[in-house]
Amino acid sequence: MTLQEKDSQYLWHPYTQHKTAQTPIVISRGEGALLWDENNKEYIDAIASWWVNPFGHSNKFIADAIYKQLTTLEHVLFGGFTHEPAIKVAEKLLEILPKNQQKIFFSDNGSTAVEVAIKVALQYFFNKNEKRTTIIAFENAFHGDTFAAMAASGISFYTQAFQGMFIDVVRIPVPVKGQEKESFEALERVIKNHKCAGFIFEPLVQGAAGMVMYEPEALAKLITICRENNVLTIADEVMTGFGKTGKTFAMDYVSEEPDMICLSKALTGGTIPMAITTFTSAVFDAFYDDDINKALFHGHTFTGNPTGCAAALASIDLLQTTAMQDNIKRINTSHLLFQKKIEKHPKVITARTLGVVFAVEIKSDATESYYGSMRTKLYNFFIEKGVVLRPVGNIVYILPPYVMTEEQLQKVYATIEEAIEMV
Ligand SMILES: *Cc1c(COP(=O)(O)O)cnc(C)c1O
């Protein structure tokens, strides 16, 4: 049997209808922004493998750090024990996160980072003997696939089978340009009519919704409204964190600080699954008590995994190098030039850029669903051309590894231009 045949015999892939999906491509190796399949066909990874891989595939610097840690201390339980890599990650992150963040909680992936934040928001009020059980979230949000994260997510595709089984979530519109007032008023209305514990949001860019962008001032206003009403704010930076928006965190653009921040994806440079939720002291203090019942009874077996921590430390080091910061600036400059060029195209509705994130909406006759026919046509075209892009309906976005060369980036742009002509 070929690898592809064995794959279809044994494996169940994520977000895949196996009856209609094409056989997955077998990738044998990767380097920098490039991937090669088993037949040695080359692909440019223009979405950093689901946004996790800013420093490129098979990064030697991170690999060395991982190897060194694996042969020193690969894992130790984090209940009753601690270790230097975890402490160093905490120290390092608290240096670069918004100043009010004081405590670091480890878990394994973006969904669990969100799960922890939502549970903490709910238990925060439980511990204070205050009944607040509603979570506020944006329309079309994506926060992950575990139950609380799914409840907070607004893309029906991912959640429709579970309606009626969720914690209480109320949605407000995203404050995109021209709709800010609607969003503010909705938030005020929801807070007035419900017992709200927390407000979770993807700061400045809604990734899975198709890189929907909104302004920092609008987010600052929403956070202020929450603060005035003692509603905890949760910035889900799982996608936006570690340089994607042009600053280390999207919240660095925002004048108000959140109560909690969720991190994962680029945290370990796409090497080892790890996530972190960070908190203010005020949040932590609501759990700090002589009463054991007020503790946060949440943990995962791999919590604080030293190997993951070593990968995170190496990744943050790479992010802070001048070379990497220059890459981010270069990609942003190129995106803005390409945006200027492409937004005038008669088949383009709109294009937008923030940091290394670029998105273009293509005109289509029918309303395009998330996994609709235009999306399939575009996806297949890109793969044939050797470019990995996963359009969301009629939206094509680029989120390149920061190490993508200018030549590779120009090829991605040219392929998108060709695709727009084709559809
Ligand atoms: C990807 C993502 C998640 C979920 O992360 P997983 O590691 O896939 O569980 C949560 N929030 C945002 C904003 C994301 O982009």
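Each ligand, and each atom within it, is numbered from 1 in the order the structure gives.
For ligand 1, the protein residues within 4.0 angstrom (heavy atoms only) are W51, N109, G110, S111, F142, H143, G144, E202, D236, V238, M239, K265.
Side-chain atoms of K128 do not come within 3.5 Å of backbone N or O of A286 as any donor-acceptor pair. Although no hydrogens or angles enter the test, the distance criterion places a donor-acceptor pair under 3.5 Å between the side chain of E257 and the main chain of K99.
Using modelled atom types, one finds no donor on one side chain facing an acceptor on the other under 3.5 Å when comparing Q17 with T20. A donor atom on one side chain and an acceptor atom on the other are not found under 3.5 Å apart for Q101 and T280. Side-chain atoms of Y15 and D145 form a donor-acceptor pair, as typed in the model, at a separation below 3.5 Å.
By the side-chain hydrogen bond (donor to acceptor under 3.5 Å, both in side chains) test, T240 pairs with E237, sequence neighbours left out.
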